[in-house]
There are 2 protein chains.
Amino acid sequence: MSSRATIADVARLAGVHPGTVSRALNRKTESQVNPETVGRVRSAAKQLGYTPNSIARGLRTSSSMTVGVIIPDLTNPIFPPIVRGIDSHLAPLGYSAVVVNTDGSDQAERLLFESLVQRQVDGFIFATGHSGHSIAGEAYERGIRAVMVNRDSRGVPFPAAVGDDAQGIRESLHHLWNLGHRRIVHLAGPPGFSTSQIRAESFVSECAVLGIQGEVVQTAAYSVEAGQATMDLILERPGPRPSAVVAGNDLLALGVYHSLRTHGLRCPDDVSVVGFNDMPFAGDFQPPMTTVRAPHFELGAEAARLLVNQIEHSILTALRVVLPVELIVRASTGPVA
Amino acid sequence: MSSRATIADVARLAGVHPGTVSRALNRKTESQVNPETVGRVRSAAKQLGYTPNSIARGLRTSSSMTVGVIIPDLTNPIFPPIVRGIDSHLAPLGYSAVVVNTDGSDQAERLLFESLVQRQVDGFIFATGHSGHSIAGEAYERGIRAVMVNRDSRGVPFPAAVGDDAQGIRESLHHLWNLGHRRIVHLAGPPGFSTSQIRAESFVSECAVLGIQGEVVQTAAYSVEAGQATMDLILERPGPRPSAVVAGNDLLALGVYHSLRTHGLRCPDDVSVVGFNDMPFAGDFQPPMTTVRAPHFELGAEAARLLVNQIEHSILTALRVVLPVELIVRASTGPVA
DNA sequence: CTTTGAACCACAATCGATTGCGGTATCGGA
DNA sequence: TCCGATACCGCAATCGATTGTGGTTCAAAG
């Protein structure tokens with residue numbers, strides 16, 4: 001490892017004290033040193049290829065220009081766009097993101113969280129919010145800066161950037177209504193997630209508005225397997241089957257596809273399904289999926305903005321930024337038979 | 001921000017010198033201090049909830065327990081599993097991964113690279129290798145530790161963890177041969193990538209073995225759009241059309257799907273297509289895609305292992321770890337009409 | 001009873017930056 | 001000529017850990 005130039009080397013070359021070099025090189029303190037000296041220091045720094053050691057700086061300033069991003073599972077396709085959005089806002093400001101996966105385990109999350117705190121990250125972006133999310137609450141009490149993205153933690157007053165779940169469900173329902181569907185079930189995500197709750201609530205309230213009896217069935221997870229298993233149950237019980245299902249997200253919807261297929265049913269001819277998120281390649285599924293597009297990239301960018309505000313200006317408003325969503329109609333929904 | 005306990009606090013409480021605390025708390029140096037004292041220090045540390053400040057430690061030891069992971073684009077679905085694999089190996093060892101996206105831009109990559117060097121990362125994992133990849137060469141000359149994953153940089157003697165591209169192509173071709181296909185084109189990825197080159201080379205050599213005239217057509221990028229555009233060209237030129245296409249990766253194969261559809265052709269009835277990578281949800285496409293499964297998670301883990309070996313034991317063998325791949329036959333391939 | 005050596009631990013330097021404080025030089029005004 | 005204000009910059013402390021060096025204690029060996 002070739003040793004890099006330090007501030008002392010620059011000082012020596014420029015013939016000034018290290019402290020002066022530090023001041024000359026920082027915008028905020030540049031005014032405290034003679035412009036001519038600044039020039040001399042600048043060129044000495046360039047000549048040596050000097051770049052400040054951010055570890056040393058971090059030790060002194062107790063900031064690491066790093067934020068921790070805690071997500072359940074990077075291989076869930078909605079998260080990469082969120083991470084990209086976060087990065088797009090953070091990188092130009094000189095921050096780096098350390099992203100970690102919890103696999104949905106609170107215990108893993110706690111470990112990761114502590115390890116990032118120990119690393120002196122300047123703040124957190126949680127994509128793991130849920131009711132009873134003690135880690136966020138703890139973070140808040142310890143005075144740690146954080147924001148929630150996509151989902152929020154019930155009762156923890158961190159800012160959050162989320163999609164307009166209610167609007168998305170409303171649009172889905174109206175779309176189905178216009179197609180003639182009256183017997184509709186909502187495959188709700190697991191309880192405890194704000195997304196599950198809001199989507200389910202707005203499903204029932206909008207069904208009331210439309211005057212149809214909507215049924216909500218809970219799933220065990222936001223996964224293809226859970227979607228399939230739950231749909232299996234619905235199809236195998238006695239009584240008439242629904243003509244359409246509003247899935248809590250695209251993964252569940254995909255599970256519904258699988259279930260329909262194994263039961264010899266066709267989509268949308270026999271039952272229509274609409275997803276949520278418009279994850280990548282949703283339009284390439286069999287059939288191309290009608291779903292609600294959530295602006296994940298922007299959600300990430302917005303969350304990063306909220307966090308930086310908090311870090312740099314100590315602005316901690318219990319802000320909730322809600323971004324609009326859009327129904328993308330493809331081929332998994334059709335007129336009722 | 002509530003001030004955390006420092007090593008001095010622990011020292012005070014345990015009635016020893018901070019240096020002793022440091023030794024008592026580190027496995028490597030624990031033997032240098034009286035077991036009884038170790039116990040005293042340990043309990044004092046626990047009582048205060050002491051965790052070492054890794055920034056301070058990093059300054060002294062000039063290591064950050066952080067590695068930079070440089071990938072083209074996290075939203076390309078093959079990368080999340082790689083990142084997970086990297087993380088799975090790194091996290092238990094106490095390392096964190098900082099992953100950044102270059103969007104395929106060498107200039108962006110250079111900026112990101114320098115910013116990570118400045119952050120004192122202990123090493124790099126490049127998923128951006130290509131011929132003329134000057135950044136890797138530069139890193140090598142500067143004595144920076146790094147490994148390549150998925151692809152390698154021609155001529156840069158960093159270790160690499162890659163899939164067995166040749167085997168994958170061979171299996172694809174044999175599968176198609178057995179189905180009766182004799183007129184096959186290979187949609188090769190953009191030149192400069194080792195994956196493109198190896199896959200194309202093994203395509204022509206295996207065609208020679210089988211005694212069929214294989215054609216390879218290059219694409220501009222590993223993307224759906226490039227795949228569609230290139231396939232459009234192939235379908236619209238005069239002469240007989242191929243009965244099967246071996247795509248350089250799943251994204252290209254998906255582009256082929258689109259092209260076939262817009263030309264009123266059906267897959268696999270009119271033309272069979274096989275992809276490469278078996279990206280998530282490849283089995284849910286229309287039709288479910290026959291493709292070569294590459295062990296991305298394991299590739300990531302292997303790359304991390306290679307890097308840690310280098311960092312901790314200075315083992316820099318120009319090692320090339322090649323992991324086996326497996327053909328997954330689904331519904332996009334069928335007997336020739 | 002002295003010497004030797006091992007075991008244990010304290011001291012202080014060190015990593016590379018930032019920053020409060022104080023000293024010097026310069027200049028204008030009285 | 002002297003004083004005070006201002007601008008500039010150096011000094012040294014500091015962040016919180018790690019680690020080389022050396023001193024003390026104690027037991028075993030001579």
Side-chain angles (χ1 to χ4, degrees), chain A residues 1-42 44-45 48-66 94 117-122, chain B residues 1-42 44-45 48-66 94 117-122:
Chain A
M1 222 43 98
S2 63
S3 51
R4 294 218 324 254
T6 73
I7 205 170
D9 299 323
V10 178
R12 217 168 0 250
L13 181 58
V16 295
H17 190 271
T20 305
V21 173
S22 171
R23 276 184 266 258
L25 261 28
N26 281 35
R27 292 279 163 214
K28 321 260 182 175
T29 49
E30 183 185 335
S31 61
Q32 300 173 29
V33 19
N34 190 313
E36 182 197 351
T37 309
V38 170
R40 200 148 33 93
V41 169
R42 283 260 162 74
L48 294 176
Y50 169 77
T51 61
N53 180 322
S54 35
I55 301 246
R57 170 183 293 172
L59 177 58
R60 182 60 226 251
T61 63
S62 64
S63 94
S64 58
M65 297 304 277
T66 297
V117 168
Q118 175 177 346
R119 272 188 142 66
Q120 318 282 122
V121 299
D122 296 333
Chain B
M1 211 60 87
S2 62
S3 52
R4 294 218 324 254
T6 74
I7 204 170
D9 298 325
V10 178
R12 221 174 350 257
L13 181 57
V16 295
H17 190 271
T20 304
V21 173
S22 171
R23 275 184 263 259
L25 260 27
N26 281 34
R27 291 282 163 211
K28 321 260 180 171
T29 49
E30 183 184 335
S31 61
Q32 299 173 28
V33 18
N34 190 314
E36 181 197 351
T37 309
V38 170
R40 200 146 34 89
V41 170
R42 282 260 161 73
L48 294 176
Y50 168 77
T51 61
N53 179 323
S54 34
I55 301 246
R57 169 183 295 172
L59 177 58
R60 181 62 225 250
T61 62
S62 65
S63 93
S64 58
M65 296 305 274
T66 297
V117 169
Q118 176 176 347
R119 262 172 202 289
Q120 319 281 121
V121 299
D122 296 334

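Chain identifiers are assigned alphabetically (A, B, ...) following the order of the sequence lines, protein sequences preceding nucleic acid strands; residue numbering begins at 1 within each chain. Hydrogens, waters and symmetry mates are skipped; everything else that's a heavy atom, side chains included, is used. Bear in mind that the values here come from a model prediction, so they are computed numbers and not experimental data.
- Distance, A:H17 NE2 to D:dA12 C1': 7 Å, rounded to whole Å.
- Atom CZ of A:R57 is separated from atom CZ of B:R119 by 10.0 Å, given to the nearest 0.5 angstrom.
- In this structure, of D:dA17, D:dG10, D:dT19, it is D:dT19 that holds the atom nearest to the side chain of B:T61.
- Nucleotides of DNA chain C nearest to A:L59 and B:T20 differ in position, and the one nearer the 5' end is that of B:T20.
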Exercise. Going through the checks in order, is the side-chain contact (heavy atoms from CB on, under 4.5 Å) test met by B:I55 and A:S64?
Worked result: CA-CA 8 Å; B:I55 301 246; A:S64 58; 3.9 Å; yes
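- For B:V33, whose side chain is taken as the heavy atoms from C-beta onward, the closest listed nucleotide among C:dA10, C:dC9, D:dA17 is C:dC9.
- Considering only side-chain N and O atoms, B:T6 lies nowhere under 4.0 angstrom from the phosphate OP1 or OP2 of D:dG16.
- The nucleotide whose nearest atom lies closest to any side-chain atom of B:N34 is, among C:dA17, D:dC9, C:dC8, C:dC8.
- Distance B:I7 CD1 to C:dA12 C1': 15 Å, rounded to the nearest Å.
- A distance-only check finds no donor-acceptor pair linking the side chain of A:N26 to the backbone of A:K28 [under 3.5 Å].
- Going from atom CD of A:Q118 over to atom OG1 of B:T51 covers 4.5 Å, rounded to the nearest 0.5 Å.
- In this structure, B:P35 and B:A56 both approach DNA chain C, and ranking their closest nucleotides by distance from the 5' end singles out B:P35.
- Distances shorter than 4.0 Å separate some side-chain N or O of B:T37 from OP1 or OP2 on C:dC9.
- Atom OG1 of A:T6 and atom CG of A:L48 lie 9.0 Å apart (nearest 0.5 Å).
- The side chain of A:Y50 places an N or O atom within less than 4.0 Å of a non-bridging phosphate oxygen (OP1 or OP2) of C:dA17.
- In this structure, B:Q32 atom CD and C:dA10 atom P are separated by 13 Å, rounded to whole Å.
- Contact annotation: B:R57 reaches the phosphate of D:dT18 (side-chain N/O to OP1 or OP2, under 4.0 Å).
- For the pair A:N26 CG and C:dT19 P, the computed distance is 8 Å after rounding to whole Å.
- To the nearest angstrom, C1' of C:dG16 lies 13 Å from CZ of A:R12.
- Atom CD1 in B:I55 sits roughly 13 Å away from atom P in C:dT18 (whole-Å rounding).
- Scanning atom types as modelled, one donor and one acceptor separated by under 3.5 angstrom connect the side chain of B:R23 and the base of D:dG20.
- Backbone-only engagement by A:V16 is indicated by non-hydrogen atom pairs under 4.0 Å involving sugar-phosphate atoms exclusively.
- The side chain of A:R60 sits closest to D:dC15 out of C:dA12, D:dC15, D:dT19.
- Separation of atoms OG1 (A:T20) and CZ (A:R40) is listed at 9.5 Å; rounding is to 0.5 Å.
- Between A:L25 atom CG and C:dG16 atom P there is a gap of 16 Å when expressed in whole angstrom units.
- In this structure, A:N53 does not reach the C:dC15 phosphate: none of its side-chain N or O atoms is under 4.0 Å from OP1 or OP2.
- Side-chain to base pairing of A:R4 with C:dG16: no donor and acceptor N or O lie closer than 3.5 Å to each other.
- In this entry the distance linking CD of A:E30 with P of C:dT18 reads 14 Å, nearest Å.
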